[in-house]
Number of protein chains: 2
Amino acid sequence: MSQTWNQHVVKKENKALVLETIKEHYPISRASIAQVTGLNKGTVSSLVSELIDEKLIHESGTGKSSGGRRPVMLFLNESAGFTISIDLGVKSVLGVLTDLKGNIKQEKRVHFDDPSLEGVLMILYSLIDELHDKAPDSEYGIVGIGIGVPGVVTNDGEILLAPNLGWKKVALQQMLFEKYQVPITVENEANAGAYGEKVFGVGQKSNELVYASISIGIGVGLILDGKLYKGLRGFSGELGHMTIEKDGKHCRCGNQGCWELYASEQVLLDKAAQLGLEHQSIKELVSEADNGNEQVISLFEDLGDYIGVGITNIIHIFNPEQVVIGNSIIAASAYILPAIEKRIEKNTIGFNKDDVQFNAAKLKEHSTVMGIAAFNVEKFFQTSVHNIQLEVN
Amino acid sequence: MSQTWNQHVVKKENKALVLETIKEHYPISRASIAQVTGLNKGTVSSLVSELIDEKLIHESGTGKSSGGRRPVMLFLNESAGFTISIDLGVKSVLGVLTDLKGNIKQEKRVHFDDPSLEGVLMILYSLIDELHDKAPDSEYGIVGIGIGVPGVVTNDGEILLAPNLGWKKVALQQMLFEKYQVPITVENEANAGAYGEKVFGVGQKSNELVYASISIGIGVGLILDGKLYKGLRGFSGELGHMTIEKDGKHCRCGNQGCWELYASEQVLLDKAAQLGLEHQSIKELVSEADNGNEQVISLFEDLGDYIGVGITNIIHIFNPEQVVIGNSIIAASAYILPAIEKRIEKNTIGFNKDDVQFNAAKLKEHSTVMGIAAFNVEKFFQTSVHNIQLEVN
DNA sequence: TAAGTTTGTCTACCGAATAAACAAAGAATA
DNA sequence: TATTCTTTGTTTATTCGGTAGACAAACTTA
């Protein structure tokens with residue numbers, strides 16, 4: 001059943017609206033907030049004074065007059081709290097400390113060879129502790145810890161399977177909450193990446209955005225109607241296991257002809273090895289291509305073509321405003337993007353093609369970690385406004 | 001910018017909530033509504049009396065006592081208005097007159113051979129007029145006219161392309177509004193079918209439902225988060241043109257290896273013709289299979305297998321709660337469903353497979369028309385409550 | 001210096017939800 | 001049958017948040 005509405009809800013929503021307006025437009029005066037939101041000046045004044053009491057915003061100096069009294073400018077108090085946001089990869093962990101605006105205050109990457117749960121947990125804990133210690137003193141302290149994970153994550157933050165780490169059934173969210181007692185987010189890395197590009201990256205103006213994270217495998221994050229879409233249990237976006245060759249190669253997932261068997265970094269590395277370029281990273285292969293190695297350039301083009309087949313499907317399925325490619329593959333953007341675009345141009349239905357933008361991730365290796373930061377910040381502001389509501393009662 | 005909240009909005013939302021509760025649970029007393037919604041008894045009484053004044057609901061007799069005063073039962077006034085809802089097919093039009101609960105009061109199917117715009121418009125107009133004339137007298141009269149169309153429809157109800165009718169750029173919504181001056185809905189038939197199954201059919205309990213309309217071509221309607229998902233411009237769900245064979249057959253859409261080139265009714269009919277069974281309808285082929293024609297049974301199984309490939313993709317992409325197969329193909333359910341299920345069972349990833357239900361459309365050839373009826377009714381109740389809100393001001 | 005403008009606060013008022021009192025109508029029990 | 005208890009639905013007083021408009025403060029412009 002839908003919720004009931006009363007004046008408390010009205011106040012909560014309006015307060016969230018004022019806070020949101022300040023977040024988006026600061027520095028901004030009370031008068032401007034009233035104009036932008038449509039709320040009465042008095043209402044804005046009263047809500048603003050509560051937000052100031054709660055240290056979520058602050059006044060700072062006056063703005064320019066436009067023919068009358070000079071406005072008092074309001075600012076988001078972006079240092080009222082900090083988030084610890086982590087991108088757990090297959091070979092390294094990237095951790096950042098951000099403020100409430102998403103500014104990175106500290107950043108650290110730790111490489112590892114042994115992906116065993118015990119070892120990685122040790123690294124995670126010490127990374128979190130280190131970022132925790134480096135956080136400046138603040139009103140609300142660490143407001144959330146979040147991790148993007150290369151695997152299947154349930155809606156309650158349990159990792160069901162992370163194939164490239166060899167993990168199964170790890171209740172990471174619960175473990176972290178018991179240890180740190182702050183709100184925890186555990187999310188699939190592609191979902192987080194999609195949200196990162198939506199909030200901080202190339203998709204800030206798009207409400208319909210599909211983010212394809214292409215690395216060893218392929219995962220896809222869906223922003224539909226401005227929100228992350230997760231499906232019934234959180235397992236949406238398994239487009240890496242979308243069949244693009246009906247009786248194609250057998251995948252370890254049980255399906256045949258999966259997209260990621262033709263269009264992932266792994267394929268590229270395998271094919272390069274066949275050319276005698278063994279144990280090369282994608283960056284080294286890009287150097288090869290830069291040096292004019294036609295065979296490698298051709299590998300990139302083939303890969304781009306296969307990626308384009310999947311992207312074409314995505315455009316047909318979702319009619320998105322934007323398709324974004326992210327993760328390690330973008331190191332080779334210069335070679336694969338033209339091939340992808342060629343395939344899209346040739347194969348996509350005109351109606352769907354006309355409005356879609358195709359881009360590489362703006363945040364590059366920070367897409368996931370910034371998405372996690374966005375989740376953390378969003379959760380904080382939501383519960384923050386909500387709790388104040390409860391105190392009032 | 002998000003909307004501002006005040007007491008008028010609160011009242012509107014609560015009134016909608018009360019109406020919705022009556023719609024779902026009638027006959028129901030004021031006291032029960034208060035309990036179900038959490039609203040105060042007095043609030044419910046006041047909102048109910050307004051709804052009675054507006055003839056949207058009515059009292060009718062008393063219910064059983066549970067140890068005290070007998071409750072006055074409230075009913076949705078389902079005859080306060082009627083909808084004209086139409087499914088425009090490639091060879092026939094199905095039109096129904098429904099009340100506000102979705103009960104079919106009149107039904108008529110008109111077959112046609114010439115799909116030219118002029119001819120079909122004539123049929124449409126006379127069908128609408130006939131249903132209009134048969135509508136009983138009521139408070140609100142015809143509250144909406146809607147049409148499901150086998151083609152690409154924009155968010156403003158313009159048909160950009162209906163390949164199997166040979167139509168291009170038909171501003172049908174505008175034309176109908178100018179002629180009838182009531183709210184008009186024009187929607188893709190698969191989208192409408194999805195909504196029909198969601199509201200009246202097999203998907204009433206599912207908020208994440210994918211409906212595959214399989215006929216001459218394939219279209220897909222997406223119910224995500226309980227709502228119809230249409231993408232940026234309304235062109236989502238073109239899964240008929242999802243590549244499942246990378247270098248497969250060329251499609252007239254410009255893409256290659258499209259799902260509908262392997263899994264549609266058209267394919268079945270073509271293959272049957274190669275077996276010497278020319279000019280047979282799908283129902284005749286089912287009879288052949290019933291009579292033990294092994295070749296035809298095998299055709300159905302092959303078709304089911306190909307459909308299953310696409311359904312597997314759908315389950316991986318969306319993690320839906322339910323996948324529903326509809327349109328003319330379900331005449332052959334007995335033969336294709338087992339083959340589809342076999343493919344799903346074999347190829348779908350366990351996490352995604354575990355919770356998904358796979359069904360044939362419950363409403364059969366009425367999925368689309370009932371979806372259109374649901375759109376019509378929903379629009380009426382929305383604008384109804386909203387207008388009353390304006391009058392109060 | 002005076003008039004006009006913009007900002008932000010304050011006050012009176014309004015409207016909607018709520019709690020509680022109350023009346024109506026029935027059930028249960030002695 | 002009379003009394004008490006229950007449930008339903010209405011009415012009344014209260015609370016709370018938003019709004020309009022008055023007002024003072026602070027600035028610009030002429």
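Predicted model, so just to flag it, every value in this text is computed and none were measured.
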Distance in angstrom units between [X] [atom1] and [N] [atom2], rounded:
| X | N | atom1 | atom2 | result |
| --- | --- | --- | --- | --- |
| B:Ile28 | D:dG9 | CD1 | C1' | 15 Å |
| B:Glu50 | C:dA17 | CD | C1' | 13 Å |
| B:Ile33 | D:dT7 | CD1 | C1' | 16 Å |
| B:Lys64 | D:dT6 | NZ | P | 21 Å |
| A:Met73 | C:dT6 | CE | P | 15 Å |

- Note on the structure: Scoring nucleotides 18-30 of chain D by protein non-hydrogen atoms under 4.0 Å (B base, S sugar-phosphate only, - none) yields SBB---BBBBS--
- Verify the ring-centre separation between B:Phe318 and A:Phe318: is it less than 6.0 angstrom? yes
- Query: Does A:Arg30 make a side-chain N or O approach to OP1 or OP2 of C:dT9 shorter than 4.0 Å?
  - Reply: yes
- Any B:His8 side-chain nitrogen or oxygen under 4.0 Å from OP1 or OP2 of C:dA16: yes
- Touch check for B:Val44, heavy atoms < 4.0 angstrom, all strands: base, sugar-phosphate only, or nothing? nothing
- Which of these, B:Asn376, B:Thr98, B:Thr185, sits in a side chain to side chain donor-acceptor pair (under 3.5 Å) with B:Ser85? B:Asn376
- Do the ring planes of B:His132 and B:Tyr180 sit parallel (below 30°), tilted (30 to 60°) or perpendicular (above 60°)? parallel
- Task: Would you indicate whether A:Lys101, at its atom NZ, is surrounded by more than 12 heavy atoms from other residues, nucleotides or ligands within a distance under 6.0 Å?
- Result: yes
- Message: If you apply the rule salt bridge (Lys or Arg N to Asp or Glu O under 4.0 Å), what do you find for A:Glu59 with A:Arg30, and how did you get there?
- Response: CA-CA 10 Å; A:Glu59 296 180 330; A:Arg30 289 168 175 80; 2.7 Å; yes
- Message: Between the side chains of B:Glu78 and B:Lys105, is the shortest nitrogen-to-carboxylate-oxygen separation below 4.0 Å, so that they form an ion pair?
- Response: no
